[in-house]
Structure formats: C-alpha cells, structure tokens
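All chains are named by letter (A, B, ...) in the order of the sequence lines, taking the proteins before the strands, and each is independently numbered beginning at 1.
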Amino acid sequence: MSRPFDVAAIEEKWQARWLDEGTYEVDNDDPRERYYALCMYPYPSGAAHQGHVRNYTFGDLVVRYQTMLGKAVLSPYGFDSFGLPAENAAIKAGSHPRLFTEARMHELKTSVRRLGAVYDWRREVFSHDPNYIRWSQTIFLAFLEAGLAYRAEAQVNWCPGCKTVLANEQVLADGTCERSGDLVMRRFLEQWFFKITDYAEELLTSLNDLEWPERVKTMQRNWIGRSEGVEFDLPLAYDPSKALRVFTTRPDTGFGVTYAVVAPEHPMLALLTTDDERLRVEEIVSRATSISEIERTSSSTEGVAAEKRGAFTGSYVLNPFTKERVPVYVADYVLGNYGTGAIMAVPGEDERDYEFAKVHGLPIVRTVQPPEGFDGDVYNGDGAHINSEFLDGLDVAAAKTKATEFLVEHANGITKVNYRLRDWLVSRQRFWGCPIPVVYCDDDGIVPVPNDQLPVLAPDDVTMNESGQSPLATHEGFFSTTCPKCGKPARRETDTMDTFTDSSWYFLRFADPFTADKAFDPAQAAKWMPVNQYIGGIEHAILHLMYARFYLKALVDIGMAEGLPREPFQRLFTQGMIRLDGSKMSKSKGNLISPEEYYKTVGADGLRLFHLFAGPPADDLDWTDQTNDVIDGCGRFIDRLVRLWNDYDVNYHAIADESDLAVRQEAHRTIVRVTNDFDRWSYNTAVAALMELLNTVSKAARSEHGIEKATLQDSLDILVTLLAPMAPHITAELWEDRHPELPSVHLLPWPVADPALVAEATVTMVVQVNGKVKSRIEVPPTITEEEATTAALADPQIVAALGGVAPTRVVARPPRLVNIIP
RNA sequence: GCCCGGAUGGCGGAAUUGGCAGACGCGGAGGCCUCAAAAGCCUUUACUCGAGAGGGUGUGUGGGUUCGAGUCCCACUCCGGGCACCA
C-alpha cells in the first residue's frame, strides 16, 4: 500500500509527544469530574497480539472520548507479573523467572505504546515489585487477623504435572489441569484459605446493582449456587438417640424417601457400616478417595458400572414422615463437602436417586402427581401431592412450607441456605508468586511476620528445578528463620499466594500509587473508585471478577478501605475473543497474528479502525482470508480523508448554497450519531457513520458544482474531531497542520451538534397499500394524521395502485408512514 | 441434562420504540485515467422473471398476534458459550 503520508513517522512523533508531555497523566486532586477507565492488567506474555490490540483499542477510545467530554480520566497500566508460564520458562532456560518476566514486560509495554494507547505511566504497578509484594502481604496478614484467612487440612486438587495444588476453578470439567492438561489427583494437605463464603450472600445480591453483561452476572450467580432448604435428622433405627443429618431443598417429597445416602468421606460411615457389608463399603470408599472429585463426578454417565458406585451400609434410619425404616447406602454421587454430606433419597422426584434406586432395586414412590400425558420416570415439576398423608392435594410451594414446619417440630429441622461457592484456596506450592508472610514456630504456632520485616521476598540465588517443585521449599536460607515472638528457630511458610490475590486489589493501588506507608490511602482511592468502565475478556467472568469483589468488601470491613464503595467495577465490558481457524487466538496455541506488520502499512490508526469496525465489540471476531482486505479498506478510508483534507481534486464555489447546507447538516447529524454510538458501545456503526460523512463531503467537493471552502473545512474539522478517539495519530497531525494556533484535537471539547442543522425540514413518508410500499412522499415532520392521509390518497401512484377501489381502512403514523387497506 | 446467547446477500455486518430490510465495508462486474500496470476515481452489485418499464420472492424452519413482524408470542432445527451428581 502506498500512503499519501508517512505513517510511521507521524505515529511515532505523536506517541513520543503524548509520553513526553504527560498528556494523559492525571493527579488525584484534579478538579474535573472523574472517570476511571481500566483494562484488566495483563499477564506479560511478550509483544502484544491482536487480542491486546482489540482490548486496548476499546480502552483507549474510552479514555480519549471521556477526556474530550471534559473529565479527568484515570488510565493506568501495569502487569499481572507473577505466574506459572514465567516459572516454567525459567525452568527450561535455567534462569530466574524475573529475567524472563521483565523482558516480556518490556516487550508488551513497547508494543502497547506503539498502538498509541495512552496511560499515566507514573502509576505503573506490577505484582512482583517488592513494594507491591509488601502490600499484598499486609493485606494477607490483615485477613489473617480478621479471621478471613485460615489454615486447614483439605482435600485438594493436586496436579502431578505442575506439582502444585489447584483451585477448583483451575480444574477443567474433564478433571484435567487447565494449564498442563494432566489429570488432577486428590490429596490431603494443610492449606491456606480465604473465607469468601462469608460473603456469598452479598456477592450474590449486590450483583443486581452492577451494570454488567447479564451473561456474566448469570455465571456468577450459578457459581455461588444459592439454595434454600431444610436440614433435619433421620434417626438411626437401632438407636434413635443418634441421627443422620441431611439437607434437602424438597422437604415436601419426604413421604417418597425410600433410602438415605452418605458420602464416602462421611464421619458416621464407620458407625453405620455392619460387618457383613464392610468389604463392599470399603471398596466404594477406596475407589472414591483414590481418584479426583472431578473424575468421580464425571463418571455418572459412563465409565464406572452403576452398581459399583454405591453399596448398602447394613444400617437403617427412620423416615420421620412415614416412621418406616429405610436403608442407608454409601455412594460416590453424594459429596462430602456440600450440605451435611448425606441426603434423603427420593427416587420418584430426583433423577440421580432414580438411577441409583433402579440399579439397587430400591422402592420408588411418587409424591407429586405429574401432569396428564407425562411419560417420564422422574417428575420434578409442580403439581398436587399424592401418597403424602397431610400433604396430599397441596402444590409444591404449600407442601414445602407444611413439611418444613413438620420437620422443625419432629426432626430437629432448621431452615438452611447452602451455597456451592467454596472458600478460596490460596496456597500454591510455586516459586514465582507472592510469599505467604507467616512463620511456623513449635511453641507459638502460626506467627505473622511483623510489619517491619515485610516484604518477605524470595531469594535470588535459586536453581529452578526440572521437577517443577518450588525451590523455596528446599532453600534453607529462605525457610530457616527465627520465631518473631520467642526468637527460637522456626520455619518460614514456603507456599506462595494464588496470583489471583494480586489481581484482586491492583486497581486500588492504581488509584493511589503515591502513598508510601500504606497499600493505598482510602481517601485517595475513594476519589476514583469505583472503576467506571472495566474492560477485559469474558474468560475472567467468574474467578478474577468474583475474587476482586470479595477483596474490596473484605478490605472495607476490616478498615483498610474505609469510605470506598463495596463493589469495585461499576460497569463491565467483556470483549469477544479473536478466533483463527476456529480456535481462540492465543500465545499458548501459537496461532498469533502479530500487529507489527500492520504498523508499517495501515498504521496503528488503520488497525484500530479495523478492530472498531469489524463488528460489535462484544462479539467474537473470526480472522479470515478476507481480514487483510478489510484492514486495507480501513487504511483507504484514512487516505481518502487525508487527500480531501489536502484539497486534492476539489472544486470550489464562492458562495454557500443549498448543497453546502446539506453537507453541514450531514456533519452535524453525524455528531449525534457518533455520540450515541459511543455511548452504547456501537463502535462499528460509529465508524460507518464517519465513512458516510466522508462520502457525502467528498461527493460534494468532487462534483462539478463544487463546494464552498468553509463548508468543506468545517465539515472535515468535525469529522476529524469525531475520529480522534478512534484514529488518534493522523487526526492529531491533520489538526495541528491546519490549526497550529489551537490546542491539540485530543484536548478539544467533544463537538456539540447545532440543533437547527440536525432538524429535518422534510421527512420521507412511506405510503403502503396493504402493507406494500407503493409510494414515498416528502412531508414536513409536523404533519398531522389527517394531512398525511389526504396527501397519501392524493398521490398519483397510490391512486393508480388502488385502481378506484375505496379504502376500507387507513392507518396513519405521521410522519413516517401511511398504510391503506383497500 | 440445565441455563444463557445467536442464526439477515458471495462475506463481516446495519436496521436504538413493531413502520422503507440489506447502512457501512470487503469481495465481484463494468468503465475512466495510463503505452501498460499499480494507485486513484466513477457506475453497479439480495434473489428472481423481464430487453425495459415494472412485477414476484426474501431475515434458520413451522405456526400465531397485528393494518404492518428481522424485531413480539408458541413449537422446532442448527451453531456458540457457561454449568454439570451441589440433594
């Protein structure tokens, strides 16, 4: 492509100027209205790829647009710089993860600048900065003191490949590690947890007030998984003073309970198991505990033979409704860590119970009458109760209420809300993460590292082990220490924190990176929080966004974030992903298309326009054979603008006339369109509107009749101003060239349309006969129903279409449409 | 299995409240300029019948509501995503 200007020179000139002049630096005491725009800080994986370009194009547009709207816009940048890839790369190269990470940070920073995205670089934050580590550790210790961090032996997901524990969220549905792909095993280890479950209810209810995509809110709601029910006793048949406690959301189906089930890890299992059944029970237990929970759960449909999934314990409990003895089974389909780890089984109304009952020959009693014509085995919808004595005839809701009352009175029942959300396991047996700042002392137990000894930093003299095991665990200089309380020899914690802890508060440090003696000054952070617009990938819909919400709520509650809102991200935008040959474009898949080559041809401006124009920002983008042509097209649009701006091939006339008025009207109507489109994140139509304006102006200027000079210049001034947030370099250059006496286009106020020029003198009224368009009439926008009808019926084409038949009905919707029904 | 999206020309997409379907761009066709090409500029481009004027059809499928449906309702097909023994 040959361009009518030197793309690289212009873009580099302006990038340097924005940086050198600190154009987008903003102070915390800025008097203007505030706006906090934030793209999720990236993992430094090297030079930017198209996913970054897309992300930062949207983010930068918001920053520049809000600035032109007169606001003080906080636009920070930083790096989520701890993490496994750097550690793995260091193992391979025999180097330190910091070297690798910092090289990648430099690459990414350089290529983000080359895109023309602007930030307040004074506020840069990165997770492995000793200063950031210090505050991450301070927060950990504050959580510990508040009882929000605790240590517990837990059955954890152990990845044999990564030699580390994974959070539930990092295990894929097929039971493999999301990073290495290894099958995840189960192990019991002492681990650190954060009590995110304390916040389950608030995390759920306060979703309602967030301006987030419904899809993301739904995913979070499902993840929290709130369910209301009753917890009650099933007395043991041989000794009713003891009882098996169960949880159910369907107390109304109590008369259909024909057996009970305990999880393989249930504490009462040994007590329940009789000698006769011990062998078979142990077989179930050992099978269930030797494999991962995920594998165990996914075997419901196939794999393990159904009868191997559970066994009779030999004991019976009493159904409090029927007073009858029902057998107790152990089965792997009941989870030990949800509810009470035991259930009442209702095979008539529960799919899983039904399958199990079928295999084991257990009785099935239906307690809700299915609707007529229902031919399934399990009915769990609404209907009148049957076989249920005092519940008979009641619908599900009424029967639930009555059954709950019954259980409260007769079976130590209590109403209970359970959540699927588990506490957040934050320990990682990794090197390249934030060290957990505690010491284990034989006498004093868990001792927090005192404030004046923070940060606890990993040593530099480590050899990254081929096995992948963290060198911290074997580095004596690191782990061997003295107890801060008693001074005796003690051992330092060698686990590090999940990197999601780093990304759970970085946006607070961005708001106040200047305070030296605190993670952030709440009064300063409060000036910016909450983030007005958060932008990132849909892949963070659950984890990062849930954890960050938890962190802020907890920080407010423990007094570290006094006066801050409890929700960090007011508006969220999740961009679509870029696909190449059907799969997500990513570094790990090795199917990246580098932006670099486009900087030489269409420039950063052209590439940005492409990403804005390609489709709705939330939709996925397919990178196809056609894509390069579309990108070239975006470059051509800029070229056509530059040529017209430079008077190329333009015919002028001296006095403005009606054709000039039409051009000015179009320019002002475009202001309205683009502004509306920006506000609803419809960037593809905003670009289209500017293309239309250029076409209109160009056509007028190139016509024989020509254009008045001021009309051309004013219209193009408007176009360039509207284009500035999308294509910042060329617009800055053109503007400076023509208006050297004025501020940069990026510092101008966003244009306001002149209402007189936006108003339509006439509108096109469609006239239909029987719903089919037969004519179009130009009418004043104020036309009345009667006038519209009269005009329509008088139109020659309508007269012809009606062929003398009198209309039976006329629907007039002035000034848009009249529909005549003969 | 459950939940949430989506389906519009050759392609990406537009149509903000039920009111002109296909804006804008890509690709294609024809032309101008040129010794020639590139670049640029102009015209045209949903399908279909027709030389043309003009007509018919058309927003995944089938029904419905309405003067009028891409848009609302019901049923279904296909595609994408999330969750998946949470009692």
Quiz item: Distance check: side-chain N/O of A/Y333 vs OP1/OP2 of B/rA87, anything under 4.0 Å?
Solution: no

Quiz item: Considering Watson-Crick and G-U wobble pairs with both distances under 3.5 Å, what does B/rA7 pair with?
Solution: B/rU77

Exercise. Would you mind reading off the distance between A/R669 atom CZ and B/rA23 atom P, rounded to a whole angstrom?
Key: 20 Å

Self-check item: Spacing between A/R702 atom CZ and B/rC33 atom P, to the nearest angstrom
Solution: 18 Å

Quiz item: Do you see a donor-acceptor pair shorter than 3.5 Å between the side chains of A/Q50 and A/H611?
Solution: yes

Quiz item: With rounding to whole Å, what would you report as the distance between B/rG70 and B/rG58 at their C1' atoms?
Solution: 11 Å

Exercise. Please identify each residue that fulfils salt bridge (charged side-chain N to carboxylate O under 4.0 Å, His left out) with A/E211, with sequence neighbours left out.
Key: A/R571

Practice problem: Not counting sequence neighbours, which residues clear side-chain contact (heavy atoms from CB on, under 4.5 Å) with A/K416? List them please. | Solution: A/E231, A/F247, A/I414, A/N418

Quiz item: Roughly how far apart, to the nearest Å, are B/rC83 and B/rA69 at atom C1'?
Solution: 34 Å

Quiz prompt | Presence of A/R420 side-chain N/O under 4.0 Å of B/rA84 phosphate oxygens OP1/OP2 | solution = yes

Quiz item: Who does B/rA51 pair with, Watson-Crick or G-U, both distances under 3.5 Å?
Solution: none

Exercise. Could you work out the separation of B/rU71 and B/rU59 based on their P atoms and round it to a whole Å?
Key: 9 Å

Self-check item: Nearest-Å distance once atom P is located in both B/rG60 and B/rG13
Solution: 14 Å

Exercise. Look at the side-chain N and O atoms of A/R640 and state whether any lies under 4.0 Å from the OP1 or OP2 oxygen of B/rC41.
Key: yes

Please write out the pairs of protein N or O atoms and N or O atoms of nucleotides 26-29 of chain B separated by less than 3.5 Å, giving the distance to one decimal.
from	atom 1	to	atom 2	distance (Å)
B/rC26	OP1	A/R636	NE	3.4
B/rC26	OP1	A/R636	NH2	2.6
B/rC26	O2'	A/Q626	OE1	3.1
B/rC26	O2	A/Q626	OE1	2.7

Practice problem: List for me each residue that meets ring pair (Phe, Tyr, Trp, His ring centres under 6.0 Å) alongside A/F573, sequence neighbours excluded, and say none if there are none. | Solution: A/W681

Quiz item: If the P atom of B/rG9 is compared with that of B/rG62, how far apart are they to the nearest Å?
Solution: 15 Å

Exercise. Determine the Euclidean distance between corresponding C1' atoms of B/rA14 and B/rG25; express it in Å to zero decimal places.
Key: 11 Å

Practice problem: Not counting sequence neighbours, which residues clear side chain to side chain donor-acceptor pair (under 3.5 Å) with A/N695? List them please. | Solution: A/R640

Exercise. May I ask you to check whether A/W223 and A/Y547 place their ring centres under 6.0 Å from each other?
Key: no

Quiz item: Are A/F356 and A/Y329 an aromatic pair by the rule of ring centers under 6.0 Å?
Solution: yes

Check: protein-nucleotides 78-81 of chain B nitrogen or oxygen pairs below 3.5 Å:
none

Quiz item: When you measure from the side chain of A/K772, which nucleotide among B/rA23, B/rG56, B/rG12 comes out closest?
Solution: B/rG56

Quiz item: In Watson-Crick or G-U wobble terms, both distances under 3.5 Å, what is the partner of B/rC32?
Solution: B/rG40

Quiz prompt | Annotated protein contacts, base or backbone, on nucleotides 16-21 of chain B with a non-hydrogen cut-off under 4.0 Å, one of B, S, - each | solution = B--BB-

Exercise. Quick one: list whatever passes side chain to side chain donor-acceptor pair (under 3.5 Å) with A/E349, sequence neighbours left out.
Key: A/T367

Exercise. Determine if the base of B/rG9 is syn or anti; take syn to mean the glycosidic torsion is within 90° of 0.
Key: syn

Practice problem: Starting from the 5' end of RNA chain B, give me the residue, A/G615 or A/V687, whose nearest nucleotide shows up first. | Solution: A/G615

Exercise. Kindly write out the residues that satisfy salt bridge (charged side-chain N to carboxylate O under 4.0 Å, His left out) with A/E351, not counting sequence neighbours, or none if the list is empty.
Key: none

Quiz item: Does a nitrogen or oxygen in the side chain of A/S227 sit under 4.0 Å from OP1 or OP2 of B/rA87?
Solution: yes

Quiz prompt | Whole-Å gap separating P (B/rC4) and CD (A/E214) | solution = 11 Å

Quiz item: A/M726 CE to B/rC24 P: how many Å, rounded?
Solution: 16 Å

Quiz item: Separation of A/Y259 atom OH from B/rA87 atom P, in whole Å?
Solution: 16 Å

Exercise. May I ask you to say whether A/R643 pairs ionically with A/D649, meaning some side-chain N is under 4.0 Å from a carboxylate O?
Key: no

Quiz item: Quantified in whole Å, what is the C1' atom distance between nucleotide B/rC26 and nucleotide B/rG22?
Solution: 15 Å

Exercise. Let me know the distance between CD of A/E351 and P of B/rA84, rounded to the nearest Å.
Key: 18 Å

Self-check item: Paired nucleotide for B/rC72 [Watson-Crick or G-U wobble; both distances under 3.5 Å]
Solution: B/rG64

Exercise. Applying salt bridge (charged side-chain N to carboxylate O under 4.0 Å, His left out), name anything that partners A/R250, two or more places apart in sequence or on another chain.
Key: A/D252

Practice problem: Search all heavy atoms of A/L644 against all heavy atoms of A/L694 and return the closest pair with its distance. | Solution: CD2-CD1, 3.8 Å

Exercise. Would you indicate which nucleotide in B/rG12, B/rC67, B/rA14 comes nearest to any side-chain atom of A/R809?
Key: B/rC67

Quiz item: In whole angstroms, how far is the P atom of B/rU66 from the CG atom of A/N770?
Solution: 15 Å

Quiz item: How about A/Y683 and A/F678: are their ring centroids closer than 6.0 Å?
Solution: yes

Quiz item: Taking only residues two or more places apart in sequence or in another chain, which ones pass salt bridge (charged side-chain N to carboxylate O under 4.0 Å, His left out) with A/R776?
Solution: none

Quiz item: Taking atom P in both B/rC20 and B/rC72, what distance in whole Å separates the two?
Solution: 15 Å

Exercise. Calculate the interatomic distance between A/F637 atom CZ and B/rG12 atom P; express it in whole Å.
Key: 23 Å

Self-check item: Residue list, side chain to side chain donor-acceptor pair (under 3.5 Å) with A/D625, at least two apart or on another chain
Solution: none

Exercise. Identify whether any heavy atom of A/N695 sits under 4.0 Å from a base atom; if not, whether one sits that close to sugar-phosphate; answer base, sugar-phosphate or nothing.
Key: sugar-phosphate

Quiz item: Is the phosphate of B/rG5, meaning OP1 or OP2, less than 4.0 Å from a side-chain N or O of A/K217?
Solution: no

Quiz item: Which base, if any, makes a Watson-Crick or G-U wobble pair with B/rU17, both distances under 3.5 Å?
Solution: none

Quiz item: Is there a Watson-Crick or G-U wobble partner for B/rU57 with both distances under 3.5 Å, and which nucleotide is it?
Solution: B/rA46

Quiz item: If pairing requires Watson-Crick or G-U wobble contacts with both distances under 3.5 Å, which nucleotide is the partner of B/rC83?
Solution: B/rG1

Quiz item: Between A/A342 and A/T685, who's closer to the 5' end of RNA chain B by nearest nucleotide?
Solution: A/T685

